[in-house]
Structures are given as C-alpha cells and as structure tokens.
Amino acid sequence: MALMILPILGSISVSEGLVAMVTLCVFYLLMRFMHKDIPEGLQRLPGPKPLPILGNVLEIRRNPHLTLTAMSERYGPVFQIQIGMRPVVVLSGNDSVRQALIKQGEDFAGRPDLYSFRFISNGKSLAFSTDQAGVWRTRRKLALSALRSFANVESSTSEYSCKLEEHICKEGDYLVQQLSSVMEVSGSFDPFRHIVVSVANVICGMCFDRRYSHDDQELLSFVNLSDEFGKVAGNGNPADFIPFLRFLPSQSMKTFQDINKRFNVFVERIVREHYRSYDKNNIRDITDSLIDHCEERKLDENSNVQVSDEKVVTIVNDLFGAGFDTISTALSWAVMYLVAYPEIQEQLHQELKDKVGLDRSPRLSDKSNLPLLEAFILELFRHSSFLPFTIPHCTTKDTSLNGYFIPKDTCVFINQWQINHDPNLWKDPSSFSLERFLTADGTELNKMETEKVMAFGLGKRRCIGEVIARSEVFLFLAILLQKLRFYGKPGQPLDMTPEYGLTMKHKRCQLCASVRVPGQP
Ligand code: HEM
C-alpha cells in the first residue's frame, strides 16, 4: 500500500502539493477535534502512532498480511492502524475473528465506501458495494438460491450426478488435452493462462449457458488481467485512503477502471441477448433465472419491491467475477505445490489409482474416499492463504470487541493469513504438511483441524460460492492428477513467492507435464 501511495505523491507539483498539504492539515485537525469519546468501561484501540496524512503506510510496506501479522504480535488481536487518513481496525486470532464475525455478526457485516469499489459492476456489486442491509440481504439470498439451483440441476446425461459435475468433468478433460498439446508444440506452458479459461467456462456454463474456446480473445483479454484487478482491490487504491488523490492521474486506477469496463461490457452484452431470447418456460441459466425473478415480481400485486431490476440482474456479474479468479488462483497454486513436492504428487496419484482406478474419470462422489487429496487441498488453502484478507468489512453501528470501542462506519480488515499461520493454532505453520489434517493412520480427515482453516471468511459475509469452489478445486485436481505428471522446466527454479493482492498469485511461469500412461510408473 505504501509503495503504491508514494510514487503518486512524488508526481504532484510543488504548489499543488502545498495547497493539498494545507487542506489536509486542516482536515486532519478537524478529524482529531471531532474524534469520538470512548464510552465508559471501554478502552481506546491500541496500535502504532500514525503520521499526519500518511498514517501508518510507511510501516505497512509491500506485504500487508505479514506486517499486520507482526503488528498483531505487538498490539494483540484487535488493533487500529491508519491508512492515509482512514482509521482501519485489524482483526486477527481465531477467537477474536469468530467473536466479531459470528457472535457480533450484524455489527461487522457492512462494507466500507471505498472509491475504487465504485467502479466494480458500476458500483452495484453485491460483494463490494455499500448496499443497505435489507437490499444486500435480499440480493445475497437470490444469489445463493440461483447458485444452488444451477449447480444441482440435473445433467442432460445419466453419466453425471448434476450439471456442475458435467461442466467440471468436460472442462477438466479438455484442460488435460490442451496442456498435452501445448507441451507437444512448445515444450512448456503457463499454468494460470490455461486453467483460468477452463474454470471461467464452468461458471460461464452456469451463468450464461455457454463456453469459450481457449483462444477467445475477448474472454482472454480480461480473465488474464484478473491479477491487475486483485492488486488494486486488495491493496486499496491510494485514493481510497487519501481522498484528494482521486483527482490526480493514477496509472493503477486507470488500469483498474479499464478492466472493470471491459468486464461490464462483456457481461452486459450477454445479459442483453438473454433479455431478447428470454422464455419463461425455458430457464436456461442463472441470468435467465434472475430475469425471471424480476418478471414474476411485476405480476405479483403484493410484491414489496426494494431491489431494482438492475440490482437483481447484476448479481450475475458478481457470480461470474468471483467464480473464475479465485478458483483459477487456487488450482494454479495447487499445480505449483505439486511441482514443489513431487513425492506428495506421487502419493496423490497413487491414492487415485487405488481408490478410483485409471479406467474411469473421478467424480464428486469419490471425495470422501480420497482423504489425502482433501488434506492436500486444505493445506493448499492454509499454507498459500492466497486470499490473505477477506474483502474489507465495516462496522454498521458503534460497537466493542475485547473491551475496545469501535465506532460505526470503521473499516475493518480480517487477516486470514495470520489465522492460518498462527503458531498457537498450528504446529510448525510454515511447513507444508498433509499429515496435520489426517488421523494417525492416515485414513480419515481430522475434523478439529480442518475447521480451523480460514479461506472463505465467516458469518454473515461468508463466501456464497464455497460449496461450488470446493467441488471444482477437488474435481479439477483429481482429473489432472489422474492423467498428468507435472514438473518444473529444466533450468528454471520454481518461484513460489506470492505477489500481494486481493488474491495473491505466484509469478507467471512456465511448467511442464507428461501424460501418465496406464501400466507405467
Ligand atoms: C477458492 C475459491 C474461493 C475463495 C477462497 C473465496 C473466498 C471468499 C472470501 C474470503 C470472501 C469474503 C468474505 C468476507 O468478506 O468476509 C468471499 C465473498 C464472496 N464470494 Fe467467494 N471465494 C471463492 C469462490 C467463489 C465462487 C466460486 C463464487 C460464486 C460463484 C463466490 C462468490 C462470492 C460472493 C458473491 C462473495 C460476497 C459475499 C457478500 O459480500 O455477501 N466465491 N469469497
């Protein structure tokens, strides 16, 4: 965050800088003057002393999840920092986060009004906007029910248990073919580049009843830019925290707006086509079901409309957007870990060979028979913690936590990375070990341990795509592990350093894979 703010400060002229400084100092003094009193019996939040205007950005530096974890050791699980001019409460520690998000869920269920979030789905995003509680709740319910019904809808053939399974199996097989042919032609491949299209096709199937070729330029032009989206949405744009910066030119903000625009144009075109061909007797996908909800509502005299049609239909933007970047990132990391730990890759292949065999494709129902693969996925989520923070939260009223006063409208960061690496919760947290999730004989998962991993948030704002995400990660991985052996490109060391963002990604790289021939080791 600091690194993003400083270059921008450097590009202001001296006179502009002076005017801005004076304005900010007056604003800063006003803010101090208006500072809320602490109610009796409660304490002021601990935390590092902020500098005027910049706050604590100089201390947070390049990897906020690590610096804020280090600060939690000093100040405790609930503390306050200041990013630019905005106070931010940082929560870590399993107990405090559960207390806030579950026991006091209503108090912490809001989203902060951040400038950059206004560009996501034209400010109408379910996940990022500051919708009133009633509107957000109605939209969330609609999104959940649309997702559930289209994941569970019957497949067109008896070969699959449901449509979701059919989509994943078909895309998984296609991904295997795609990677094998790229290997033949080029001798290596960029894992994220191919995984992201396969995963995008699963959610495209559910949302828009269509799939795209791995060379479709329009789809590629924004799915491959999802890293840039995550960098701004995860870091917080400087203009989110120092308001006057929104009036100055910023390259990262321009890129962010451009990605959002391309994304919105892509989805809007498909939605318009759906409105044209909508037939209430043939609901093809999630977009149709959302349009149907709006149409039915118009016929219902008793309907108490509080959410506009636009806000109903743009739910599909959230489902599509959240549905490809997160899962592609998880799978891309999974392949990196398989390459980094070849002995684990062989154990996972052996488990599939023993429990599923090599003559048929894995299915969702195989999950409970593959504890090692399940442990691998859990350890992947824990160790990479590729969503280091949840989406920022915001308090909906004056509240308190662990005896500290937190005023209404305070921005709250939840440090998932800290929970997943807390030495009080995990033995040797930095080592990648599947054993931590398995019973002593290795045949079952250890439930107590599995529930400690935090990847999907908790409580009122918990991810609504969790079930689909877990199914996709499991089945894609089972298909890849059954058919391919992954390895590093000779002479190119594997770089597992994450690049900070809303979803942390590994650097783009080239890997190799060979097709496993049945009967050969
Ligand atoms: C591995 C995959 C995924 C991970 C790790 C993940 C994680 C998360 C996290 C951490 C949040 C924020 C929770 C909070 O703010 O407290 C979230 C929210 C959300 N996720 Fe996911 N997610 C994944 C996949 C998906 C999928 C596949 C969908 C939909 C198809 C989805 C839809 C959403 C939505 C709509 C929200 C916003 C919920 C709200 O604000 O009420 N996610 N997710």
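Read the numbers this way: they start at 1 and go in the same order the structure lists the ligands and their atoms.
Of all the heavy atoms of Arg111, the ones lying under 4.0 Å from any atom of ligand 1 belong exclusively to the side chain. Heavy atoms from both the backbone and the side chain of Ile391 come within less than 4.0 Å of ligand 1. Counting heavy atoms under 4.0 Å from ligand 1, residue Lys460 does not touch it at all. Of all the heavy atoms of Arg461, the ones lying under 4.0 Å from any atom of ligand 1 are found in both the backbone and the side chain. Counting heavy atoms closer than 4.0 Å to ligand 1, residue Leu458 contributes nothing at all.
Using modelled atom types, one finds a donor on one side chain and an acceptor on the other under 3.5 Å when comparing Asn402 with Ser96. One side chain, Asn420 or Ser385, offers a donor N or O that lies under 3.5 Å from an acceptor on the other. Ser129 and Arg118 share no donor-acceptor pair across their side chains, judged by distance under 3.5 Å alone. With hydrogens and angles left out, the side-chain atoms of His274 and Asp209 include no donor and acceptor closer than 3.5 Å. For the residue pair Arg148 / Asn152, no side-chain donor-acceptor distance below 3.5 Å is found, with atom types taken as modelled. Inspection of the Ser277 and Arg284 side chains reveals an N or O donor paired with an N or O acceptor under 3.5 Å.
Numbered from 1 in the order shown, with element, the atoms of ligand 1 that lie under 4.0 Å from a heavy atom of Leu319 read 29 (C), 30 (C). When each atom of ligand 1 is checked for a heavy atom of Ile203 under 4.0 Å away, the hits are 30 (C).
Ligand 1 has no N or O atom lying under 3.5 Å from any N or O atom of Arg462, backbone or side chain. Polar contact with ligand 1: absent for Gln416 (N/O pair, distance under 3.5 Å). Annotation: Trp136 places an N or O atom under 3.5 Å from an N or O atom of ligand 1; distance criterion only.
When Arg508, Lys505, Lys507 are each tested for a salt bridge (Lys or Arg N to Asp or Glu O under 4.0 Å) with Asp190, only one passes: Arg508. Applying ring pair (Phe, Tyr, Trp, His ring centres under 6.0 Å) to Phe381 and the options Phe437, Tyr337, Phe432, Phe456 leaves one that passes, Phe456. Checked options Asn415, Asn63, Asp422; the residue passing with Thr69 is Asn415 (criterion: side-chain hydrogen bond (donor to acceptor under 3.5 Å, both in side chains)).
Salt bridge annotation for Lys397-Glu106: absent, with no cationic side-chain nitrogen under 4.0 angstrom from a carboxylate oxygen. Salt bridge Glu273/Arg210: present, at least one basic N to carboxylate O contact under 4.0 Å.
Distance from atom 14 (C) of ligand 1 to its nearest protein heavy atom, with residue and atom name: His393 NE2, 3.3 Å. Protein heavy atom nearest atom 38 (C) of ligand 1, with residue, atom name and distance: Arg140 NH1, 3.4 Å.
Residue contacts with ligand 1: Ala455 is included, with a non-hydrogen atom under 4.0 Å away. In this structure, Met206 has no heavy atom closer than 4.0 Å to ligand 1.
Here 1 is the count of protein N, O or S atoms positioned under 2.8 Å from atom 21 (Fe) of ligand 1, waters not counted.
Not counting sequence neighbours, the partners of Arg461 by the side-chain contact (heavy atoms from CB on, under 4.5 Å) test are Arg111, Trp136, His393.
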